[in-house]
Amino acid sequence: MIDYKVKSGSPEKQRSACLVVAVFENQIMSPAARIINKNTGRMISALMNRGDITGECEETVLLPQVTGIQADRVLLVGCGNKAEFSIGKLQKVTTGVIRKLQNSKIKEASLFLAELQIKGSDIATRIEQIVMQAEHSNYHFDATKTDNKEKNQQLQKITIFIPDRSSLSIAKQAIINGKAIASGENLARELGNLPGNICTPSYLAEQAKVIATEFNMKAKVLNEKAMEKLSMGALLSVSRGSRQEAKLIILEHKGGSSKDAPIVLVGKGLTFDAGGISLKPSQAMDEMKYDMCGGASVLGTMRSIAEMKLPLNVIGIVPSSENLPDGAANKPGDIVTSMSGKTIEILNTDAEGRLILCDALTYAERFKPSAVIDVATLTGACVVALGAYASGVFSNQDSLAQELIDAGEKSLDRAWQMPIWEEYDQQLKSNFADMANIGGPKAGAITAACFLARYTETYDWAHLDIAGTAWLSGSKKGATGRPVRLLCQFLRNRVKIK
Ligand code: BES
Ligand code: MN
Ligand code: ZN
């Protein structure tokens, strides 16, 4: 993690390895750029006139030697059209800056970016975003690489400059919050990126205990025997084909009053999904190590809110298992009895997420929750419907769906609502059990949600299908940490309306 400081002062007087100042298109300078320009014999104006810097968003120009100021270098960063500058652009700009600083092996920098005005945003929001995005860009996975010397060259210190001394304490709090959310997000990414042979259900349970100890949460882990006692027949059926024991992980953050009903987050923690007997094609099957990203985002969010000491009661539940083919595995046609007592005909063993989730959702009833949000890489159909930009939202309470959509909009971790009408639910009819675990080829993301809806009738519930948003494929393959930002924003908003 980078060390962050906040300071107020004039750019030309700062002794720093690198000042980072913003310029916009149409030769417009930020306040800090104007001062540097004045102190360097109009150097920035000259570069603009020559077309060496256009101000295009994310463009970076490093001036390695500058006279007239105290700092060693200046990094000019383009922020696009001034009138269109936004939080999204601030994120992009921060990413560009961090990448440039890393590539130039600069270990310390002074950022004059928080001073840039954005309609509808305050200084705290801008600083939080800078810190979150800097940490996001600085994350790099090396847990399973033997050559990790890149680590030593990482950026070590960032000083964030603010225009007004009176907001110093607000700014310091924003750094704390930004770091807390980033830590949760990067925890989710790290767990997601770890391979299935390391990140097993037991491993996830151990990590949950580690964060519980560090951040004063209560942790409980149920093993298969304990789950049998609770009659979690659906969850256990998925794990039968695996040599790794399934775990039900429960974390409790008690930040609110003991009378307050908790919000429960449930995350799918399928540490490797081969499909079971309904085996998946081998193409890109490695990516099914990411099938625990919902669970990882719940653990990450719990970590973030505990670190922020959010005054709210929140419980995180992660049902965790593998889904593998084996002589003992579920077979198509098998009928299992869930904890709720309802029977399920398993027509496709690859629709296992809903089987582990339904028992966790029934388990959530005991907490008398004010709301339950489940998060799951549940369906390929959701990737087809919404792609990589929006997570799918499904809910039995439209106002809850709207809260999540709003939180996604605010945190730029966006989500979009889909219907769970009765007509879709009909597709789950089975000739032999109370329901089938699949609803046919049409509207697969919706019928999966309809399945879960049958287990969540006693409380306000929403489901986030993150199959398209939890990780990137191709050359940028890796977990994104989504939707930790959305969930943190949602929970912080809940504190305000309480
Ligand atoms: N984990 C997968 C969903 C998934 C697939 C996420 C591809 C991201 C990319 C889930 O367990 C699954 O296999 N779902 C099936 C359901 C089907 C059998 C009804 C799917 O989406 O194909
Ligand atoms: Mn599956
Ligand atoms: Zn799965």
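Note that this is a predicted model, so its numbers are computed, not measured. One is the number of the first residue; the rest follow in order along the sequence. As the structure lists them, so they are numbered: ligands from 1, and atoms in each ligand from 1.
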- Query: N/O to N/O below 3.5 Å, does that happen between D273 and ligand 1?
  - Reply: yes

- Query: Step by step, would you call E403 with R494 a salt bridge (Lys or Arg N to Asp or Glu O under 4.0 Å)?
  - Reply: CA-CA 9 Å; E403 272 183 79; R494 276 266 165 154; 2.9 Å; yes

- Query: In terms of side-chain heavy atoms, does S340 have a donor or acceptor partner in S338 at a distance below 3.5 Å?
  - Reply: yes

- Which of the atoms in ligand 1, numbered in the order shown and given with their element, are less than 4.0 Å from a heavy-atom of I438? 19 (C)

- Location of contacts on K268 toward ligand 1, heavy atoms closer than 4.0 Å: side chain

- Protein contact of atom 16 (C) of ligand 1 - nearest heavy atom, named by residue and atom, plus distance: R354 NH2, 3.9 Å

- Query: Looking only at protein heavy atoms, which one is nearest to atom 7 (C) of ligand 1, and how far off is it?
  - Reply: M288 CE, 3.6 Å

- Does the N437 side chain pair with the main chain of L355, one donor and one acceptor, at a distance under 3.5 Å? no

- Note on the structure: Closest to atom 3 (C) of ligand 1 among protein heavy atoms sits L378 O, 3.4 Å

- Item | Within 6.0 angstrom of Q426 CD, more than 12 heavy atoms from elsewhere | yes

- Query: Are any of the heavy atoms in W471 under 4.0 Å away from ligand 1?
  - Reply: yes

- Check the side chains of Q244 and Y203 for a donor-acceptor pair under 3.5 angstrom, ignoring hydrogens and angles. no

- Please find the N/O/S atom of E352 nearest to the Mn ion (ligand 2) and write down its name. OE1

- Query: Restricting to N, O or S atoms of D291, which is nearest to the Zn ion (ligand 3)?
  - Reply: OD2

- Query: So which bit of E287 gets within less than 4.0 Å of ligand 1, heavy atoms only: side chain, backbone, both or neither?
  - Reply: neither

- Query: Under the criterion salt bridge (Lys or Arg N to Asp or Glu O under 4.0 Å), which of D465, D374, D291 is the partner of K268?
  - Reply: D291

- Query: With no hydrogens and no angle check, do the side chains of N330 and T349 hold a donor and an acceptor under 3.5 Å apart?
  - Reply: no

- When distances are taken from atom 4 (C) of ligand 1, the protein heavy atom at minimum range is G380 N, 3.8 Å

- Query: Just by distance, do the side chain of T343 and the backbone of D434 share a donor-acceptor pair under 3.5 Å?
  - Reply: yes

- Task: Would you check if there is a donor-acceptor pair between the side chains of N493 and Q489 at a distance under 3.5 Å?
- Result: yes

- Query: Aromatic rings F451 and Y455: how do their planes relate, parallel, tilted or perpendicular, breaks at 30° and 60°?
  - Reply: tilted

- Just wondering, is there an N, O or S atom on K268 that's nearer than 2.8 Å to the Zn ion (ligand 3)? yes

- Which atoms from ligand 1 have a heavy atom of E352 less than 4.0 Å away? 11 (O)

- Message: For atom 6 (C) of ligand 1, what's the nearest protein heavy-atom neighbour? Residue, atom name and distance, please.
- Response: A467 CB, 3.6 Å

- Message: To 10 degrees, how wide is the angle OD2 (D273) to the Zn ion (ligand 3) to OE2 (E352)?
- Response: 90°

- Short list, please: which atoms of ligand 1 are under 4.0 Å from a heavy atom of D291? 1 (N), 11 (O)

- Query: Just wondering, are more than 12 heavy atoms of other shown residues or ligands nearer than 6.0 Å to NZ in K342?
  - Reply: yes

- Query: Of all heavy-atom pairs between A205 and K247, which one has the smallest distance, and what is that distance?
  - Reply: CB-CG, 4.3 Å

- Note on the structure: Contact region, N323 to ligand 1, non-hydrogen atoms below 4.0 Å, reads neither

- Numbering the atoms of ligand 1 from 1, which are under 4.0 Å from a heavy atom of N348? 18 (C)

- Note on the structure: protein heavy-atom neighbour closest to atom 15 (C) of ligand 1 works out as D350 O, 4.0 Å

- Message: Please check: side-chain N/O of H140 versus main-chain N/O of Q154, any donor-acceptor pairing under 3.5 Å?
- Response: no

- Of all N, O or S atoms in D273, the one closest to the Mn ion (ligand 2) is OD2

- Message: Under 4.0 Å and counting heavy atoms only, is there anything from the protein next to atom 22 (O) of ligand 1?
- Response: no

